[in-house]
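When a residue number appears, it is its place in the shown sequence, counting from 1. Just the heavy atoms: all of them, side chains too, but no hydrogens, waters or symmetry mates, feed the values below.
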Amino acid sequence: MDEILKRLEKIEQLLNNQGLFQKEVLSFSEGCTYCGFTSSHMYKLTSLNTIPFYKPNGKMVFFRRSELDTWLLRNRSSSKEELEAQATIFLPKKGRANL
């Protein structure tokens with residue numbers, strides 16, 4: 001019986017999380033879940049104005065999902081292959097033959 005309840009709770013959690021991908025505006029707790037941050041870390045990010053957020057009445061915090069995606073995907077690191085491809089552009093033609 002406990003195993004069935006655990007599975008039902010997991011299914012319920014998955015369904016709730018799926019709703020996050022359909023909503024454009026997320027509450028504070030939904031934003032934490034969406035980003036995978038603890039509430040204390042998210043409070044720190046909002047208090048430092050590090051992450052984009054909205055406070056329509058000056059109290060409750062909301063996030064736009066598309067802005068969270070953009071913020072989460074900033075500062076991309078290039079792969080080794082991409083860096084090598086870019087380096088070949090700047091090497092003189094004599095240097096390319098030695099690679």
inquiry  = In this structure, would Val25 and Met42 fall into the same cluster of hydrophobic residues linked by side-chain contacts under 4.5 Å?
reply    = no
Less than 3.5 Å apart, which donor and acceptor atoms pair up between the side chains of residues 75-82 and the rest of the protein, not counting sequence neighbours?
{"unit_1": "Arg76", "atom_1": "NH1", "unit_2": "Glu82", "atom_2": "OE1", "d": "3.2"}
{"unit_1": "Arg76", "atom_1": "NH2", "unit_2": "Glu82", "atom_2": "OE1", "d": "3.4"}
{"unit_1": "Arg76", "atom_1": "NH2", "unit_2": "Glu82", "atom_2": "OE2", "d": "3.1"}
{"unit_1": "Ser79", "atom_1": "OG", "unit_2": "Glu82", "atom_2": "N", "d": "3.3"}
{"unit_1": "Glu82", "atom_1": "OE1", "unit_2": "Ser79", "atom_2": "N", "d": "2.9"}

message = Are Lys44 and Leu48 packed together at the side-chain level, in the sense that at least one heavy-atom pair is separated by less than 4.5 angstrom?
response = yes
query = Between CH2 of Trp71 and SG of Cys35, what distance do you get to the nearest 0.5 Å?
reply = 6.5 Å
Using atom types as modelled, flag every donor-acceptor pair under 3.5 Å from a side chain in residues 51-60 to any protein atom, sequence neighbours excluded.
{"unit_1": "Tyr54", "atom_1": "OH", "unit_2": "Arg64", "atom_2": "NH1", "d": "3.3"}
{"unit_1": "Tyr54", "atom_1": "OH", "unit_2": "Glu67", "atom_2": "OE1", "d": "3.1"}
{"unit_1": "Tyr54", "atom_1": "OH", "unit_2": "Glu67", "atom_2": "OE2", "d": "2.8"}

remark   = Output for pair (Phe62 CZ, Lys23 NZ), nearest 0.5 Å, gives 8.5 Å
message = Do Leu45 and Phe37 make a side-chain contact, defined as non-hydrogen atoms from C-beta onward lying under 4.5 Å apart?
response = yes
task = State which residues pass salt bridge (Lys or Arg N to Asp or Glu O under 4.0 Å) with Glu3; sequence neighbours excluded, sorted by chain then number.
result = Arg7
Any Thr88 side-chain heavy atom under 4.5 Å of Glu84 side chain = no
request  = Could you tell me which non-hydrogen atom of Cys32 sits nearest to which non-hydrogen atom of Ser39, and how far apart they are?
outcome  = SG-CA, 3.7 Å
request  = Could you list the residues that satisfy side chain to side chain donor-acceptor pair (under 3.5 Å) with Thr50, not counting sequence neighbours?
outcome  = none
query = Which residues pass the side-chain contact (heavy atoms from CB on, under 4.5 Å) test with Ser40, sequence neighbours left out?
reply = Thr38
note = Hits for ring pair (Phe, Tyr, Trp, His ring centres under 6.0 Å) against Phe28, two or more places apart or cross-chain, chain-then-number order -> Tyr43
